[in-house]
Asker: 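Provided herewith is a single structure, encoded as structure tokens, for subsequent inquiry.
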2 protein chains.
Amino acid sequence: MKLQQLRYLVEVAQSGLNVSQAAENLHTSQPGVSKQIRLLEDELGVDIFVRNGKRVVSVTEPGRHILAIAERVLLEAKNLKEAGREFSSQFTGTLTIATTHTQARYVLPKVIARFSEQYPQVKLTLHQGNPTNVAEEVVSGRADLAIATEGLDQFADLRILPCYQWNRSLVVPPGHPLLERPALTLEELAAFPIITYDFAFTGRSKINQAFERHGLTPNVVLTALDSDVIKTYVELGMGVGIIASMAFDPVRDQGLRALDVSHLFENSTTRIGIRRGTFLRQYTFDFIAMFAPHLGKEAVQQVLQAEESESGAAF
Amino acid sequence: MKLQQLRYLVEVAQSGLNVSQAAENLHTSQPGVSKQIRLLEDELGVDIFVRNGKRVVSVTEPGRHILAIAERVLLEAKNLKEAGREFSSQFTGTLTIATTHTQARYVLPKVIARFSEQYPQVKLTLHQGNPTNVAEEVVSGRADLAIATEGLDQFADLRILPCYQWNRSLVVPPGHPLLERPALTLEELAAFPIITYDFAFTGRSKINQAFERHGLTPNVVLTALDSDVIKTYVELGMGVGIIASMAFDPVRDQGLRALDVSHLFENSTTRIGIRRGTFLRQYTFDFIAMFAPHLGKEAVQQVLQAEESESGAAF
DNA sequence: GTTAGTTACGCCGACCGTAACTATA
DNA sequence: TATAGTTACGGTCGGCGTAACTAAC
């Protein structure tokens, strides 16, 4: 049994049981992959894939178990390499963060500025996507950290670190009647056309909940994937915008007025998600601490180590 | 990075940093081992071993982390092979049980008889030893299950399954005065010379506790490693014996009389210990269920999966 | 001087890639 | 017929073992 064989195996499974595709992803030849998988099956004495003639059709029941273990082996092997890098060059490496627009645009810049100053040799990469993309990036190992408000808790393989709470602001054009209301209510708000986030984004669910709980149906005239689009259409007079408070920048957004409406909606919590069982570099711990000061190295390790599930004994 | 290199690495560490010894254990040549370890160190860019000239002297701090991860990789790789065997031949394999004398001699025989009948193709091996040996056998992977009353909870890598409770009997020669006492007390017992288990064995600690709690100092004239020795010396008239109740066999031990003394001592619990993260064969689950009927497959898996610690992120 | 480890070197096996062949949709 | 996978074959690389060398104790 070779690590290479396990890599081939997992890649085939992840390429939709397409051996040729897997070979391409692995930058090697298709017959090689095919052969190594046969050899592994021979060695284990079990068919991993169901073949219809020559086509790989599905995964056998034993194959599912074997794949799960193979993935763990590869994860640990990756950790080993990471550990090597950690000690050989403490201050160089890469850190890939998968996150959503609001974080990337309004929250991360100053964290990243500090981080880059302290670790100029670490190559930072941002992968932007919706909360589900973000979680998948981390689960698959393409990114190291997921930072998002929604969607992370759906993934059993992610360990979750709550970072900070935030709420929303209403943005309107200058002179808008709602600016005169000292204590805005949801009812008043529901009377106006609303522009806010697309579903499954940046705490959109809390907005819906609040209206529903009051038996109101907001008149959402436009949903957007990011705050910038929302602000643009508010400036155009299409409606009033509900955005994350940190997405309003009084300097840049001079064509708009913001009104804190945290009394109307529940707080949202932005979280970091890390794949369970991952070896973290020192600079990654430091990045997390810069993002959320209460998350020191010990606190993060505690979460990562707690309640590990799906051990090797599972069957 | 190859699995082989990790095997070499771990074996050297476990052979007291003796490369030649490790090579012998691995049935390969010493230069090969030496070279592969250098290659691995090169690849990771870190020294794993501290060398004084040519001698391997100790493990570097990075090396300790790398070794820990390497062991996990190998454990998972072993699990993968086990999984292969499980599916390729459900009813054949080996099961190695590390246990103490009392279990091996008085408790396991009937369990093993049933098991062997159901799984005639499974090769059963017993490793007898003291509780610490037993635990180490399982931690190191030389045995699959540890069965013992004491000592298992000292090992973080063992998952513990309580199996059954038991208490003690007094064994004396026929006609002994203590046989006339309807409700024996510790004070009465302390007046006689006592023969019982060696320290750190078969619930010996509970015996000491009971006497201590009553401010008594028992007159222990002989300690033995197993019940058979104790019974032999009781027959010789050297004193009265305190043994595990299941170690008295009225048919075989006709030269002795037994008296239940469970009211004098706390119950002891016999436990099974399994290395965390181990893949268990179906017949192993069945063995456990035969030994302790309340430990079905689900129950065992739950214990194995709960509270996994020392994840890959640990540092 | 003995024990332990590295360097040197040659052999064999294994993996990989190309090419030809075969089966599926 | 196009697409996907296995079989066949040769080149190359890498690991292993023997042997010679070198350093610690």
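Quick note on labels: first sequence line is chain A, next is B, and so on, each numbered from 1.
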Asker: With Glu61(B), which residues qualify under side chain to side chain contact (heavy atoms under 4.5 Å, CB included), at least two apart?
Answerer: Phe87(A), Arg64(B), His65(B)

Asker: List in chain and number order the residues that pass side chain to side chain contact (heavy atoms under 4.5 Å, CB included) with Val229(A), two or more places apart in sequence or in another chain; answer none if no residue qualifies.
Answerer: Ala224(A), Asp226(A), Tyr233(A)

Asker: If a protein heavy atom is under 4.0 Å from the base, mark B; if only from the sugar-phosphate, S; if neither, -; do that for nucleotides 15-25 of chain D going 5' to 3'.
Answerer: SSBBB--BSBS

Asker: Tell me every residue that passes side-chain hydrogen bond (donor to acceptor under 3.5 Å, both in side chains) with Asp198(A), counting only those two or more places apart in sequence or in another chain.
Answerer: Thr223(A)

Asker: Is there side-chain contact between Ile274(B) and Val300(B), with heavy atoms separated by less than 4.5 Å?
Answerer: yes

Asker: Could you tell me how far apart Arg38(A) (CZ) and dC16(C) (P) are, to the nearest whole angstrom?
Answerer: 17 Å

Asker: According to ring-ring contact (aromatic ring centres under 6.0 Å, His included), who are the partners of Phe115(A), at least two apart in sequence or on a separate chain?
Answerer: Tyr119(A), Phe287(A)

Asker: For Thr100(A), check side-chain hydrogen bond (donor to acceptor under 3.5 Å, both in side chains) against everything at least two apart and list the hits.
Answerer: none

Asker: Among residues 10-26 of chain A, which ones have heavy-atom contacts with DNA chain C below 4.0 Å?
Answerer: none

Asker: In whole angstrom, give the distance that lies between atom CE of Met1(A) and atom P of dA14(C).
Answerer: 17 Å

Asker: Go through the structure and list residues passing side chain to side chain contact (heavy atoms under 4.5 Å, CB included) with Thr94(A), not counting sequence neighbours.
Answerer: Lys123(A)

Asker: Provide, to the nearest angstrom, the distance between the CG atom belonging to Leu40(B) and the P atom belonging to dG14(D).
Answerer: 16 Å

Asker: Could I get the full list of side chain to side chain contact (heavy atoms under 4.5 Å, CB included) partners for Ala135(A), not counting sequence neighbours?
Answerer: Leu152(A), Phe155(A), Leu158(A)

Asker: Rounded to whole Å, how long is the line connecting atom CG of Asp47(A) with atom P of dG5(D)?
Answerer: 16 Å

Asker: Whole-Å distance between dT24(C) P and Arg51(A) CZ?
Answerer: 13 Å

